[in-house]
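Worth saying up front: this structure is predicted, and the values here are computed from it rather than measured. Worth knowing before you read on, the calculation uses all heavy atoms, side chains too, and leaves out hydrogens, waters and symmetry mates.
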4 protein chains.
Amino acid sequence: MSSQKSTADATTARSPQRERGRLRVAALMKAASLVFAEKGYEAATMTEIAARAGASIGSLYQFFPSKEALADALLAQYAEQVEAGLGAITAGAAALAAPDLADALIDLLVGLKDERRAVMVLFEARREATAPPSELRDAMRRAIARILALHAPGLPPPRAAAMAVAVLQQMKAAALLSVEPDLESRDEALAELRRMTRLYLAAGLAPA
Amino acid sequence: MSSQKSTADATTARSPQRERGRLRVAALMKAASLVFAEKGYEAATMTEIAARAGASIGSLYQFFPSKEALADALLAQYAEQVEAGLGAITAGAAALAAPDLADALIDLLVGLKDERRAVMVLFEARREATAPPSELRDAMRRAIARILALHAPGLPPPRAAAMAVAVLQQMKAAALLSVEPDLESRDEALAELRRMTRLYLAAGLAPA
Amino acid sequence: MSSQKSTADATTARSPQRERGRLRVAALMKAASLVFAEKGYEAATMTEIAARAGASIGSLYQFFPSKEALADALLAQYAEQVEAGLGAITAGAAALAAPDLADALIDLLVGLKDERRAVMVLFEARREATAPPSELRDAMRRAIARILALHAPGLPPPRAAAMAVAVLQQMKAAALLSVEPDLESRDEALAELRRMTRLYLAAGLAPA
Amino acid sequence: MSSQKSTADATTARSPQRERGRLRVAALMKAASLVFAEKGYEAATMTEIAARAGASIGSLYQFFPSKEALADALLAQYAEQVEAGLGAITAGAAALAAPDLADALIDLLVGLKDERRAVMVLFEARREATAPPSELRDAMRRAIARILALHAPGLPPPRAAAMAVAVLQQMKAAALLSVEPDLESRDEALAELRRMTRLYLAAGLAPA
DNA sequence: GATGAATGAGGTTTCATTCAT
DNA sequence: AATGAATGAAACCTCATTCAT
């Protein structure tokens with residue numbers, strides 16, 4: 001690691017280090033999302049997160065200066081993915097039929113890998129903690145509202161905003177449901193959520 | 001003679017035997033639900049709960065032998081209310097129009113006192129913790145399924161079960177929304193959730 | 001005691017209360033010795049002792065002002081019994097053959113009822129606690145030394161004192177052994193302790 | 001990479017991986033044995049143990065995840081010493097005269113360092129607590145029985161087992177006596193215990 | 001950088017004892 | 001007297017975070 005402290009030939013020498021660091025960080029974040037998902041924010045311990053990533057506690061703190069920072073990093077990572085997904089939907093919103101739009105939205109969160117639950121957990125757990133109460137949620141609501149508006153140009157903005165809240169609930173519910181452990185009829189229930197959302201959008205976005 | 005003959009359980013709440021105790025227990029549960037709602041299960045501290053109830057920590061432990069027992073007691077209390085409510089709806093299910101049924105269900109959780117959020121929090125937070133993963137949730141799902149079946153006799157039971165899961169999600173979402181602090185358009189959003197549920201039930205319960 | 005504060009007709013009126021009190025005290029002491037025996041002094045709780053006696057914690061404190069006082073009372077009770085037993089042996093010491101003397105001594109502690117272990121526990125546990133470190137033990141040692149001296153008049157007093165210490169160990173060991181839970185060969189082991197003590201006294205008390 | 005791959009037990013001691021840790025653990029165990037010896041298992045506090053070792057409470061828990069684990073570690077350490085000693089005696093058992101065997105056994109426990117009392121205390125105090133009620137004691141009994149059998153080949157095994165129990169009592173009594181604080185005639189009493197054991201073995205192990 | 005030990009505030013829980021009814 | 005609730009110091013233990021190697 002500290003192979004050349006004084007030499008200036010940095011770029012080439014550091015490269016493998018940077019690479020190692022990137023891997024470490026990825027492993028740590030992956031481990032963190034698993035542990036947060038399993039235990040919840042408070043009950044998750046930094047020591048366990050480090051251990052699951054095959055790292056030492058010191059190493060974890062080298063990259064994330066606090067538990068909060070770690071959670072924020074995870075949230076930011078998810079926000080990026082989610083916003084990318086919403087962006088994609090936005091692009092195609094006008095062309096989509098309402099039921100397809102419903103499916104696309106529902107699939108967005110469900111499609112996130114096994115870290116799905118972690119986002120939800122952090123979402124909720126850190127609601128009061130953070131100063132701006134969940135920018136992510138607000139951003140998602142706004143993005144969804146925009147999608148709805150694009151899809152149904154006649155929709156009054158306040159109505160779109162209110163509908164977005166309801167749609168986001170469906171998206172979260174679906175994501176949560178899709179990782180719920182012992183539900184024998186998970187798929188059927190998911191299908192119902194989907195059906196409900198389709199109905200809702202079909203009715204709500206129909207041209208007056 | 002003996003102090004606690006029935007419940008020397010150490011995992012369940014001890015019941016008070018004097019008027020004074022009954023008052024204490026009520027105050028403690030009220031305080032607990034506030035603190036749990038504010039902070040979440042893990043972040044809530046027994047010390048704060050006792051203090052908010054104007055009791056000493058020892059007094060709290062006199063009746064609730066552990067934090068877990070306290071949470072369980074709260075959950076049980078809510079379960080009772082909720083089941084009573086579901087019972088009432090069950091009784092009138094057949095006579096209700098689908099949209100009215102939707103409203104009745106949504107109002108059930110929204111109508112619970114200001115401790116509403118506590119139930120939700122405990123619901124989620126203690127999901128993995130408890131051995132039987134939320135009997136309450138299963139009971140609610142079953143009760144809702146039964147209501148749907150009563151309302152639409154032709155509904156196949158598996159379908160009713162899957163729909164119940166979806167409906168319960170709406171009920172919870174509405175309850176959470178109704179106590180969310182800084183949402184300017186709370187009422188509009190609630191109205192949307194309501195509309196969605198009405199649509200869903202109207203479509204799903206219609207005689208084929 | 002303070003049943004009638006003003007009336008003077010005390011003797012007849014108080015009698016049943018006194019009787020009740022005596023029974024209570026007996027039950028409490030019995031329960032205490034069981035709990036101390038099972039859990040040890042520190043781990044025994046006043047609440048459990050009261051409960052086992054079918055009394056309330058308040059009632060226990062009515063008769064014994066502290067845990068220490070309760071232990072002392074038990075110890076005193078045992079001291080009385082033991083001293084009575086030693087007195088009886090003293091009376092017959094001169095007439096007994098050495099092996100019979102050994103048996104009599106060993107039987108003394110073994111013969112105490114199921115509270116045997118409690119004495120030992122309190123003996124040990126409160127060694128450092130009490131100001132005069134175990135008067136009971138010293139008294140027993142002196143009494144045994146006296147018995148040995150009576151039995152073997154030529155024995156020099158310091159020798160008798162040293163032997164008494166050794167003999168008391170055998171007595172305690174036998175008592176402990178006789179209540180040890182899962183020892184398949186309890187009786188054989190007890191017989192060996194007995195044999196050892198007989199040999200020892202036979203050799204040590206033989207006229208030079 | 002991972003910190004503790006082998007022992008994430010939470011019931012057993014974690015082993016230090018650095019020189020500093022090794023020193024700490026040694027200091028902690030030393031302090032623990034002193035405090036246990038002075039106060040007994042229950043009355044000893046983890047805080048005092050840490051303080052006496054010049055460590056913080058967190059440091060103590062870093063290596064011993066519970067008070068019980070600490071006691072077990074001490075016991076295991078002593079078990080090792082004791083078993084080594086018994087092994088040595090076993091090796092020479094056949095060549096020893098009975099009185100010398102008696103002395104060797106008595107000296108075994110008496111010769112352990114000043115923490116002797118701690119073993120005894122933990123021995124007794126944690127008898128009921130531990131699931132396998134003192135494997136150490138059983139191991140010692142078996143080892144002593146084997147020594148006796150080696151010494152007197154004609155001895156029936158059950159007899160050897162029973163004698164071993166009696167001999168172990170003498171060993172413990174001697175160890176306890178040798179650290180008893182205020183006994184003016186400690187040495188004389190110890191000599192008597194020794195004499196008794198010699199007599200017993202001489203008689204019991206003599207060829208019929 | 002990486003590792004594992006160190007720290008200590010703070011959380012849960014226990015229990016002897018006191019008090020009000 | 002008797003009961004059961006009240007009290008709070010103090011015990012055990014956890015864990016985010018910092019530090020030395």
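- Here C/Pro65 lies out of heavy-atom contact (under 4.0 Å) with every strand.
- Side-chain contact between B/Met46 and B/Leu70 is present, with at least one heavy-atom pair separated by less than 4.5 Å.
- A salt bridge does not link D/Glu19 with D/Arg24: every distance from a Lys NZ or Arg NE/NH1/NH2 to an Asp or Glu carboxylate oxygen is 4.0 Å or more.
- Distances shorter than 4.0 Å separate none of the side-chain N or O atoms of D/Tyr61 from OP1 or OP2 on F/dT14.
- Atom CG of A/Leu70 and atom C1' of F/dT17 are 14 Å apart (whole Å).
- Across all strands, B/Thr47 comes closer than 4.0 Å to base atoms (heavy-atom distances).
- Mapping D/Thr45 and B/Gln62 onto DNA chain F by nearest heavy atom places B/Gln62 closer to the 5' end of the strand.
- The interatomic distance linking A/Met46 (CE) with E/dT3 (P) rounds to 15 Å, in whole Å.
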Quiz item: Do A/Lys39 and B/Glu42 pass the salt bridge (Lys or Arg N to Asp or Glu O under 4.0 Å) test, and can you show the C-alpha distance, the side-chain angles, and the key distance before you say yes or no?
Solution: CA-CA 10 Å; A/Lys39 309 272 173 82; B/Glu42 296 282 347; over 6 Å; no
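- Following rounding to the nearest Å, D/Lys39 (NZ) and F/dA10 (P) show an atom-to-atom distance of 13 Å.
- Residue C/Ala43 is out of contact with every strand shown, counting any heavy-atom pair closer than 4.0 Å.
- Within the nucleic acid shown, D/Ser56 comes within 4.0 Å of at least one base atom, counting heavy atoms only.
- How far OH of B/Tyr61 is from CG of B/Leu28: 11.5 Å, rounded to the nearest 0.5 Å.
- Using the Watson-Crick or G-U wobble rule with both distances under 3.5 Å, F/dA20 pairs with E/dT3.
- Map B/Glu48 and D/Leu60 each onto its nearest nucleotide of DNA chain E; the residue landing nearer the 5' end is D/Leu60.
- The 5' end of DNA chain E is approached more closely, in terms of each residue's nearest nucleotide, by D/Pro16 than by the other of D/Pro16 and D/Gly58.
- Side chain of C/Ile57, nearest nucleotide from F/dT3, F/dT17, F/dA5: F/dA5.
- Phosphate proximity of E/dT3 to D/Arg18: absent, as no side-chain N or O sits under 4.0 Å from OP1 or OP2.
- Residue-level contact check: C/Ser59 touches the bases, meaning some heavy atom is under 4.0 Å from a base atom.
- For the pair C/Phe63 CZ and E/dT17 P, the computed distance is 17 Å after rounding to whole Å.
- At the heavy-atom level, B/Arg20 lies under 4.0 Å from the strands shown only through sugar-phosphate atoms.
- Nucleic acid contact for A/Phe64: none, since no nucleic acid atom lies under 4.0 Å from a heavy atom of the residue.
- An OP1 or OP2 oxygen of F/dA20 is reached within less than 4.0 angstrom by no side-chain nitrogen or oxygen of D/Arg24.
- Rounded to whole Å, the distance from OH on B/Tyr41 to C1' on E/dG11 is 12 Å.
- Atom CG of residue B/Asp72 and atom CG of residue B/Leu75 lie 6.5 Å apart, to the nearest 0.5 angstrom.
- Atoms NZ (B/Lys67) and C1' (E/dG10) sit 12 Å apart, rounded to a whole Å.
- Atom CG of B/Leu23 is separated from atom C1' of F/dA6 by 14 Å (rounded to the nearest Å).
- Residue D/Ala50 is out of contact with every strand shown, counting any heavy-atom pair closer than 4.0 Å.
- Contact check, B/Arg22 against F/dG4: no side-chain N or O comes under 4.0 Å of OP1 or OP2.
- For the pair C/Glu68 CD and E/dT17 P, the interatomic distance rounds to 9 Å; values are reported in whole Å.
- For the pair B/Lys67 and B/Tyr41, the cation sits on the ring face: its NZ or CZ lies under 6.0 Å from the ring centre, inside 45° of the axis.
- As the counterpart of E/dA9, F/dT14 is assigned, both hydrogen-bonding distances of the Watson-Crick or G-U wobble pattern falling under 3.5 Å.
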